[in-house]
Enquirer: 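Here it is, the structure, as structure tokens.
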Amino acid sequence: MDLKNSTILITGGTSGIGLEFVRQLTELGAEVIVTGRNRDTLNNVKRRFPKIHIFQSDVSKPEDIKRLYNNVTRQFPGLNVMINNAGKCG
Ligand SMILES: NC(=O)c1ccc[n+]([C@@H]2O[C@H](COP(=O)([O-])OP(=O)(O)OC[C@H]3O[C@@H](n4cnc5c(N)ncnc54)[C@H](OP(=O)(O)O)[C@@H]3O)[C@@H](O)[C@H]2O)c1
């Protein structure tokens, strides 16, 4: 798969496994979109990886999912990979 030329949405990309995906995929040159619930944490990740795009969105809230879908499909019609990572262990 040509990740370098992919547009990749990572839910829960502000810590742990998701953040590591952000690091590695931005390093490859992919267009990376990151979600999470906490705006400050999202802004911190954006400062660290300035090329990413951030969206505040809670995967447990249907209205957030709908808003995210509408925004992302409008702004990134080339979106071709989704890493549905958000969640908690245990
Ligand atoms: N770590 C492990 O050993 C392990 C093992 C098996 C499976 N997993 C799975 O792998 C995924 C990541 O685990 P992790 O350990 O990297 O977790 P983590 O460090 O706690 O990171 C979770 C990420 O998801 C976000 N998040 C949590 N709830 C969310 C929600 N409702 N909507 C949107 N974003 C949300 C968090 O940001 P906010 O809190 O700001 O939203 C954060 O960015 C989880 O689904 C977990 O179940 C992990």
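The first residue of the sequence shown is numbered 1, and numbering continues consecutively from there. Counting starts at 1 for both ligands and their atoms, in listed order. Quick caveat: nothing in here was measured; it's all calculated off a predicted structure.
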Enquirer: For atom 9 (C) of ligand 1, state whether the nearest protein heavy atom is under 4.0 Å away.
Expert: no
Enquirer: Between the main-chain N or O of N85 and the side-chain N or O of T11, is there a donor-acceptor pair closer than 3.5 Å?
Expert: yes
Enquirer: Taking D64 for the side chain and D58 for the main chain, is one N or O donor matched with an acceptor at less than 3.5 Å?
Expert: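 Flag set: sc D64 to bb D58 pair under 3.5 Å.
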Enquirer: Return the closest protein heavy atom for atom 19 (O) of ligand 1 as residue, atom name and distance.
Expert: S15 OG, 3.0 Å
Enquirer: For G16, take its heavy atoms, then give the atoms of ligand 1 lying under 4.0 Å from any of them.
Expert: 16 (O), 19 (O)
Enquirer: Return a yes/no value for G18: is any of its N or O atoms, backbone included, closer than 3.5 angstrom to an N or O of ligand 1?
Expert: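 Not met; the criterion fails.
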Enquirer: Considering only the protein, which heavy-atom contact is closest to atom 39 (O) of ligand 1, and what is its distance?
Expert: R37 NH2, 2.8 Å
Enquirer: Check whether any side-chain heavy atom of K46 sits under 4.5 Å from a side-chain heavy atom of V34, and report yes or no.
Expert: no
Enquirer: Tell me, do I54 and I52 make a side-chain contact under 4.5 Å, heavy atoms counted?
Expert: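 When only atoms from C-beta onward are counted, I52 and I54 do touch, with a gap below 4.5 Å.
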Enquirer: When you measure from atom 17 (O) of ligand 1 to each heavy atom in C89, A86, G87, G12, which option holds the nearest one?
Expert: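 Looking at heavy atoms only, G87 sits closest to atom 17 (O) of ligand 1.
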Enquirer: Using a 4.0 Å cutoff against the non-hydrogen atoms of S57, which atoms of ligand 1 qualify?
Expert: 32 (N), 33 (C)
Enquirer: Which ligand 1 atoms does G13 reach within 4.0 Å, using its non-hydrogen atoms?
Expert: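 Reading through ligand 1 atom by atom, the close ones are 43 (O).
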Enquirer: To check your reading of the model: name the closest protein heavy atom to atom 44 (C) of ligand 1, its residue, and the distance in Å.
Expert: N85 O, 3.2 Å
Enquirer: Taking only heavy atoms of G36, which atoms of ligand 1 are found under 4.0 Å from at least one of them?
Expert: 34 (N), 41 (O)
Enquirer: Do L25 and L3 come within less than 4.5 Å of each other through their side chains, counting heavy atoms only?
Expert: yes
Enquirer: Taking all non-hydrogen atoms of both residues into account, name the closest pair between A86 and G12 and its distance.
Expert: CB-N, 3.7 Å
Enquirer: Tell me: protein heavy atom nearest atom 32 (N) of ligand 1, and distance?
Expert: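 For atom 32 (N) of ligand 1, the nearest protein heavy atom comes out as V59 N, 2.9 Å.
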Enquirer: Looking only at protein heavy atoms, identify the closest one to atom 43 (O) of ligand 1 and say how far it is in Å.
Expert: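 Protein heavy atom at minimum distance: T14 OG1, 2.5 Å.
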Enquirer: Between N80 (side chain only) and S6 (backbone N and O only), is there a donor and an acceptor less than 3.5 Å apart?
Expert: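 Checked: no pair found.
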Enquirer: Could you check if a side-chain atom of V59 sits within less than 4.5 angstrom of a side-chain atom of R37, using non-hydrogen atoms only?
Expert: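 Answer no - side chains too far apart.
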Enquirer: Using a 4.0 Å heavy-atom cut-off, which part of T41 comes near ligand 1: side chain, backbone, both, or neither?
Expert: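 For T41, there is no contact with ligand 1 at all, from either part.
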Enquirer: Pick whichever of I17, L42, V22 has a heavy atom sitting closest to atom 16 (O) of ligand 1.
Expert: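 The option holding the nearest heavy atom is I17.
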Enquirer: For ligand 1, which atoms have a heavy atom of K88 less than 4.0 angstrom away?
Expert: 20 (O), 47 (O)
Enquirer: Within the side chain of K51, is there an N or O that forms a donor-acceptor pair under 3.5 Å with the backbone of E31?
Expert: no
Enquirer: Report yes if the side chains of L19 and V45 come closer than 4.5 Å at any heavy-atom pair, otherwise no.
Expert: yes
Enquirer: Report, in ascending order of atom number, the atoms of ligand 1 lying under 4.0 Å from any heavy atom of N38.
Expert: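 Numbered from 1, ligand 1 contributes 40 (O).
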Enquirer: Are the side chains of V72 and F55 in contact, using a 4.5 Å heavy-atom criterion?
Expert: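 Yes; the side chains approach each other to less than 4.5 Å.
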Enquirer: Report yes or no: does a heavy atom of D58 sit under 4.0 Å from some atom of ligand 1?
Expert: yes
